[in-house]
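Below is one structure; the comments refer to it alone.
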Amino acid sequence: MERPFPTVAVVGLGTMGTGVAVAVARSGRRVIGIEADEACAARALARIEESTARAVDRGRLTAAERTGLLARIAVGHALEAAAGADLVIEEVPERLELKREVFAELDRICPAATVLATGTTALSVTRIAAATTRPDRVLGLHFFNPVHSMRLVEVVRTVLTSPGTAEDAAAFARELGKEPVAAGDRAGFVVNGLLFAYLNQAAAMYESRYATREDIDAAMRLGCGLPMGPLELLDLIGVDTARTVLEAMYEQSRDRLHAPAPVLGQLVAAGLLGRKSGRGFYTYEAPGSSRAVDAVTGPARPGTPGREVRTIGVCGSGTMATGIVEVFARAGHPVLLAARSREKAERAKAQLARSLERSVARGRLTGEQRDAALGLVSPVGRYDELAGADLVVEAVAEDLAVKRELFAVLDGIVRPGAVLATTTSSLPVIACASATSRPQDVVGMHFFNPAPAMRLVEVVSTVLTAPDATATVLELCAKVGKHPVECGDRAGFVVNALLFPYLNDAVRMLQEHYATVDDIDTAMKLGCGYPMGPFELLDVVGLDVSLTIEQVLHREFREPGLAAAPLLEHLVAAGCLGRKTGRGFRDHARR
Ligand SMILES: NC(=O)c1ccc[n+]([C@@H]2O[C@H](COP(=O)([O-])OP(=O)(O)OC[C@H]3O[C@@H](n4cnc5c(N)ncnc54)[C@H](O)[C@@H]3O)[C@@H](O)[C@H]2O)c1
């Protein structure tokens, strides 16, 4: 086909339908817009006129283009008008019976060759197709809101959709300037299938008071570079919509992780649907507003004051230790860099010097600041020299025996009242604390890699941590330009507990041949604005590291849905660990 679908009917001109109609008309095609009745049609036309006028104001469209575009869109309320279309895109409200009725009618009205597409988010495309006599020419075209700026389109094939129909639809999406990804008929398709399970876990985490809503949101924004935190996003999507999507996912998967968190049901029952109703997880200035008025911003927390911290000891000589030393030294703290030998400590300092040099080269640091920071760092080869430190941060190997031994040593050396912190990402902080005689002074201080650049620090309190020890670390983080979030001592803390189940779901999707590595990565980047797709991220983090974290999470929560995907285990067993070995989900050696 030269130019797929020269005339397109759009049935239902609400939020999505108007966006789709405009995008199709922009590609030069004729659009037949169909609404429920005359009054709805008039309102729909007004919406199209307004949205295109806004596009002109914002320079996305010229006035002449708008005139041409509007001339190509006819809006009415008789479904019979769809008979003149090569493709019909249905965008009526998300109710199965309504969609099936519309499809049965369209099937009667449209010539046999016409392709019928549904815009459903979470309903079964197959069940909608079954209302017609042409299931081979029925598919899903899942656009994202707002259509003009979101480039992704999921092209959903059922087992009956003919390959040609799906190919034409993908070509059509490309002509609209969109990026099509292929998906099968499963609730949530690729993007929502991966996104909503994660949003649900975040809601459950909030509900269990594991962390505050602000901390959960900040953790995912700052720890993973996501454009929004999960609870902010739930408010934007609509708590009711999220609950509906999760219900549909659960119905198909029977995975408890898809069963909507009870808090979602409570919010819906209370009419707290998110931004659109002015209140959801947060309260907004007014219904429809994006300004939350009750969010506690900034890391400052009232309550117990922390202890005084001047000199800081950092144990370790690896990437994390060196990065953490840089954070403190750049903020003006004298740092004792303690490694197993003087040489290792010296080498770590040389590494730090190179890192500071790079910052100078990039214009982020002056020569004087570099010298001042370096001057504050004293490499030491014996832990005895940490006796006078006010805080010691341990960043040695991720091995519990090694860490416990170190904590026992520190316990015998460091002055009473000093805070002892571990930067472990997957071991229990309490297991480090219990190796000392002062568990009240032991805190988790989980930095992210690279520590100088990543603003997030998860501050972990055990059941024995003294409030002023936690406060010390919270205050220090704020002082050195980090954003602390507080959480309890359980596997994965906030970020990894929300991130890795999502990555595991992506691996499972691949393993089930539901979608390809490239399609899944593209879908998450374009559909959610993520900086990296799940497979890109897994290859960067390391498949072995990821597998360990997933195993720790599974062991802690015993949730069947958290069991590491066998494909990940196989790749690790085969030595495909990601970028560091040249091959993981992608082959990096050949690039
Ligand atoms: N809003 C989103 O963010 C989003 C994103 C992707 C997909 N979707 C999906 O897109 C579809 C449309 O959602 P929406 O948000 O645009 O809904 P909406 O409520 O904004 O619009 C639906 C429109 O359909 C019209 N309508 C109802 N019955 C009709 C009929 N029998 N014939 C013709 N028109 C009829 C309504 O008058 C209304 O204008 C749904 O399946 C939804 O799940 C929505």
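In each ligand, atom 1 is the first atom listed, and ligand 1 is the first ligand listed.
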Query raised in the report: Can you tell which part of Ile34 has a heavy atom less than 4.0 Å from ligand 1: side chain, backbone, both or neither?
Result: backbone
Query raised in the report: Which atom names give the shortest non-hydrogen contact between Leu456 and Ala218, and what distance separates them?
Result: CD1-O, 4.3 Å
Query raised in the report: So which heavy atom in the protein is nearest atom 21 (O) of ligand 1, and how far is it from that ligand atom?
Result: Gly14 CA, 3.1 Å
Requested in this report: Do me a favour and list the nearest non-hydrogen protein atom to atom 39 (O) of ligand 1 with residue, atom name and distance?
Outcome: Glu35 OE2, 2.6 Å
Enumerate, atom names and distances included, each donor-acceptor pair closer than 3.5 Å involving a side-chain atom of residues 81-90, sequence neighbours excluded.
| unit_1 | atom_1 | unit_2 | atom_2 | d |
| --- | --- | --- | --- | --- |
| Asp86 | OD2 | Thr7 | N | 2.8 |
| Glu90 | OE1 | Thr118 | OG1 | 2.5 |
| Glu90 | OE2 | Val92 | N | 2.9 |
| Glu90 | OE2 | Lys99 | NZ | 2.6 |

**Report entry** Close N or O approach (Thr15, ligand 1; < 3.5 Å)
**Finding:** yes
Query - Mutual orientation of the aromatic rings belonging to Tyr206 and Phe281 [parallel < 30°, tilted 30-60°, perpendicular > 60°] - result: perpendicular
Report task. Answer with yes or no whether the side chains of Arg137 and Thr165 bring together a donor and an acceptor at under 3.5 Å. Result -> no
Report task. May I ask you to identify the nearest protein heavy atom to atom 35 (C) of ligand 1, giving residue, atom name and distance to one decimal place in Å? Result -> Val92 CG1, 3.6 Å
Query - Enumerated ligand 1 atoms positioned under 4.0 Å from heavy atoms of Val11 - result: 32 (N), 33 (C)
Query raised in the report: Out of curiosity, Met509 CE to Ile520 CD1, how far, rounded to the nearest 0.5 Å?
Result: 6.0 Å
Report task. Tell me which part of Leu13 gets within contact of ligand 1: side chain, backbone, both or neither, using heavy atoms under 4.0 Å. Result -> backbone
Query raised in the report: Any idea which protein heavy atom is nearest atom 43 (O) of ligand 1, and the distance to it?
Result: Glu94 OE1, 2.7 Å
Query raised in the report: Where is the nearest protein heavy atom to atom 10 (O) of ligand 1: which residue, which atom, and how far?
Result: Glu91 OE1, 2.9 Å
**Report entry** Nearest non-hydrogen protein atom, atom 19 (O) of ligand 1
**Finding:** Pro93 CG, 4.3 Å
Query - Asp240 and Lys276 ion-paired at < 4.0 Å - result: yes
Report task. Give a yes or no on whether atom 17 (O) of ligand 1 lies under 4.0 Å from any heavy atom of the protein. Result -> no
Requested in this report: Please report which non-hydrogen protein atom sits nearest to atom 44 (C) of ligand 1, along with the residue it belongs to and the distance in Å to one decimal place.
Outcome: Met16 CG, 3.3 Å
Query raised in the report: Arg43: heavy atom below 4.0 Å from ligand 1, yes or no?
Result: no
Requested in this report: May I ask you to say whether Glu214 pairs ionically with Arg221, meaning some side-chain N is under 4.0 Å from a carboxylate O?
Outcome: no
Requested in this report: May I ask you to decide if Val24's main-chain N or O and Arg72's side chain share a donor-acceptor pair within less than 3.5 Å?
Outcome: no
**Report entry** Partners passing salt bridge (Lys or Arg N to Asp or Glu O under 4.0 Å) against Asp294 (at least two apart in sequence or in another chain)
**Finding:** Arg213
Report task. Identify whether NZ of Lys or CZ of Arg in Arg279 sits under 6.0 Å from the centre of the six-membered ring of Tyr284 and within 45° of that ring's axis. Result -> no
Requested in this report: Please state which part of Lys99 comes within less than 4.0 Å of ligand 1, counting heavy atoms only: side chain, backbone, both or neither.
Outcome: side chain
Query raised in the report: Of the backbone atoms (N, CA, C, O) and the side-chain heavy atoms from C-beta on, which set of His142 has a member under 4.0 Å from an atom of ligand 1: side chain, backbone, both, or neither?
Result: side chain
Requested in this report: Do me a favour and list the nearest non-hydrogen protein atom to atom 6 (C) of ligand 1 with residue, atom name and distance?
Outcome: Phe143 O, 3.2 Å
